[in-house]
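Take this structure first; my questions come after.
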Amino acid sequence: MTPAARPPRLVAAAPATCAGLRHVGHFRFRRLGSRCLLTTDAGEFGFVTQAELEQLLAGTLPLDAPAREALREMGLLDGGRAAPDTAARIAERKAFLSVGPCLHVLVVTLRCNQRCAYCHASRRPMSTTGVDMTTDVAERAVRVAFQSPAPSLTFEFQGGEPLANLPVVRHAVEVALDLNRSARKRLTFSLVTNLSLMDEDMLAWILDRRLQVCTSLDGPADLHDRIRPLSGGSSHAATVQWMERLNRGYEERGLDPELYHVEALATVTRESLGRGRDIVDEYVRRGLRGLFLRPLNPFGFARRPARRLGYTTDEFLAFYRETLDHVIDLNLRGTDLVERLAGIFLAKILSPTDPNFLDIRSPCGAGIGQIAYGHDGQVFSCDEGRMVHQMGDPIFRLGDLERDGYGDLVESGVVRSLAVASCLEALPGCTDCAYLPYCGTCPVFNYTTQGNIFGRMPDNEKCRLHLGLMDHLFGLLASDDGLDRRRVFERWASSRERPFFRHE
Amino acid sequence: MDLEVYPLDAVMLCAYLFVGRCFLLLDTMGPRRLVVTLSAKPGTSPAELRAIAGDFQNELLSQAVRHRIGVQHHRTRELVLARALFGAAPEVEERPDLDQMLRDLAATGDVPGEHDDFVTDPLGIAVPWEVKHPPADGEAAPADASATPPAPAASDDAGASPGGAGAEAPGGGHRSEPPRS
């Protein structure tokens, strides 16, 4: 943080009782009920009462005030922390800036055998031709990805339904493994699938090649099947059957089931509201260790059914708070289940580093942290940008694998514009927000909902969502009701290595 | 409007955003005052035009605040963006190792000989200027290289950060977990 970027320090007139208090370090604050949350640029936080905040600002905080120790640890007392120390802490939190594009999303087909009511991926019926990625395009995408300076690369295969075009997934994986014999990067492969097209041969290859599998489970069968219809059967039954089969496969290989299992997310629709407990209990019943409560997004086809399935941000937050409290309660009673959205924010709040979740960081990962490759070889800043393209607007297109190399793609004006538009440190409504160190804005979301990649935060729904989520999490952290939520949250914020999925 | 309140750049950017919704004319009225006239396009009702005018006023405020915040925080933004864009940039091909090239050359036996012009230097090209033209007594010596203003330090100096260039963010930095399907 440069001196010019820092607001002037608040200089307090120090009375005799506070002789050491001459300056107060830079902080932002937000009122949460009767407490005030203070945060620093480096992401440290603490709580004070309103009276203590006023005393801090006036330089009259007594020497024996209980808040002093926490404030000193935050570097807010005694003239503030030395600039090099502050710079080192901010650099540690922003280490992701030096990584480069590490996530490479290959949309291997637009075809899908399910007709999900909220589908944002611009799916096409299974009989459609010309919407599968070819092996040539996949190979070009992999070769471009290897030009990224990132030491770790994740290839995420999605669609449509990627199992509908598994030969291309196989080809991309083999090309990547081959290239990596000389590149020596750390590779991870991730398959985002509804699992319903799976068979034993596919499964054997997925386990053999150590692909992570991520799927959707929207809740119990009645809820899941109503939102994710599958002609000729129950999509819930198919998903659950293959989840269990995959998890058994990990166990048969001697892998720790605590670490190795299928990951799933639940997209929240209006039909989910009021059924948070049912969804959580379904996850526990199926032996899942993680639940991601994902709000609907405005991209792709999801806009059309929004009236039937949609809700206000306040409705989602009410649902989320109630469901999260149930998850926390289960954890306090001995059931391990992480709510991933909370886990992302908690990792930012409770650790000195950033988990580099590409959608929630500053600047966002569009083009500088991830690249999305369409089935036809067109390249986009991110998967959300590709979805906007599917809606007929090419604004987030970076180029074409036929013509453009890695340098052309990441050095495009689109990437620079998105980076500027998502740099919270210089955005109105964000620069002075207490949650700046933990937050992120999505220019694609802003463009889709507000017509401008620069979000207008006072009426930006993503901003409202993040404020609500963090208000709730910090409220729980500040709570003194005797429940040991901090222990649960620290476990959620930590990540454990899963070397089986890593190729080196 | 008062240009003390709204910078001209912000007004023009705002006006430009509305060219698809109405006709706009910007004109001055005195040294620090500007008049923006919004006229309806065909098919726009008076009520719709009033709504456009309201949106214009809000957008004007957004642009003015963005302009102001952008100026106040431009150094921070430049630092963050420089590091982010530099971090994503393609790796520069390694420069050839000059010493190794000379060793390779020596190994081939094709090394410069005494008959090569650049070795004998008949025109004295390799003779330093100071040797050719020594300063007279009392005359200041030519400035040496160390007096040259140093190049500005790169704002994304890898050494300044514990993470360093090429360091991987903890956790691998991926979005694939949690999944999206």
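Note that these values count all heavy atoms, side chains included, but never hydrogens, waters or copies made by symmetry. Each chain gets a letter, A, B and so on, in the order the sequences are listed, and its residues count up from 1.
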Review point. Who among Pro428(A), Gly407(A), Ala150(A), Gly290(A) has the most heavy-atom pairs with chain B under 4.5 Å?
Key: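 Among the listed options, the one with the most contacts to chain B is Pro428(A).
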
Point to revise | Ile360(A), part contacting chain B, at a heavy-atom distance under 4.5 Å | key: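 Neither part.
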
Exercise for review: Give the minimum heavy-atom separation between Gly367(A) and Ala88(B), together with the two atoms involved.
Suggested key: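 Between these two residues, the closest heavy atoms are O-CB, 4.5 Å.
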
Check your understanding: Do Val80(B) and Leu97(A) touch side chain to side chain, with heavy atoms closer than 4.5 Å?
Key ->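 Heavy-atom side-chain distance check passes, below 4.5 Å.
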
Point to revise | Val420(A) portion near chain B, given a 4.5 angstrom heavy-atom threshold | key: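 For Val420(A), backbone and side chain are both near chain B.
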
Review point. For Asp432(A), is it the side chain, the backbone, both or neither that has a heavy atom under 4.5 Å from a heavy atom of chain B?
Key: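 For Asp432(A), neither part sits under 4.5 Å from chain B.
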
Practice item. Report yes if some heavy atom in the side chain of Gln147(A) is under 4.5 Å from a heavy atom in the side chain of Pro90(B); otherwise report no. Key: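 Answer no - side chains too far apart.
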
Check your understanding: Got a second to check how far Gln63(B)'s CD is from Phe454(A)'s CZ, nearest 0.5 Å?
Key ->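 Separation between the atoms: 9.0 Å.
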
**Study point:** Note, Leu85(B) side chain near Val415(A) side chain (heavy atom, < 4.5 Å)
**Key:**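 Leu85(B) vs Val415(A): side chains touch.
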
Practice item. Hey, could you give me the CD1/CD distance between Ile69(B) and Glu425(A), rounded to the nearest 0.5 Å? Key: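 It is 12.5 Å, given to the nearest 0.5 Å.
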
Exercise for review: Taking the side chain as every heavy atom from C-beta outward, state whether His73(B) and Cys423(A) have any atom pair closer than 4.5 Å.
Suggested key: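 A side-chain contact under 4.5 Å is absent here.
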
Review point. How many angstroms lie between CG in Leu81(B) and OG in Ser362(A), if you round to the nearest 0.5 Å?
Key: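 Rounded to the nearest 0.5 Å, the CG-OG separation comes to 8.5 Å.
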
Exercise for review: Would you indicate whether Met12(B), at its atom CE, is surrounded by more than 12 heavy atoms from other residues, nucleotides or ligands within a distance under 6.0 Å?
Suggested key: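 Atom CE in Met12(B) is not crowded, with 12 or fewer foreign heavy atoms closer than 6.0 Å.
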
Review point. Under a 4.5 Å heavy-atom cut-off, does chain B meet the side chain of Ala419(A), its backbone, both or neither?
Key: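 The answer is both parts of Ala419(A).
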
Review point. Can you find a pair of side-chain heavy atoms, one from Thr431(A) and one from Thr76(B), that are under 4.5 Å apart?
Key: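 Thr431(A) vs Thr76(B): side chains apart.
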
Exercise for review: Answer yes or no: are there more than 12 heavy-atom neighbours, outside Arg68(B) itself, under 6.0 Å from its atom CZ?
Suggested key: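 Counting neighbours around CZ of Arg68(B), 12 or fewer heavy atoms of other residues, nucleotides or ligands fall under 6.0 Å, so no.
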
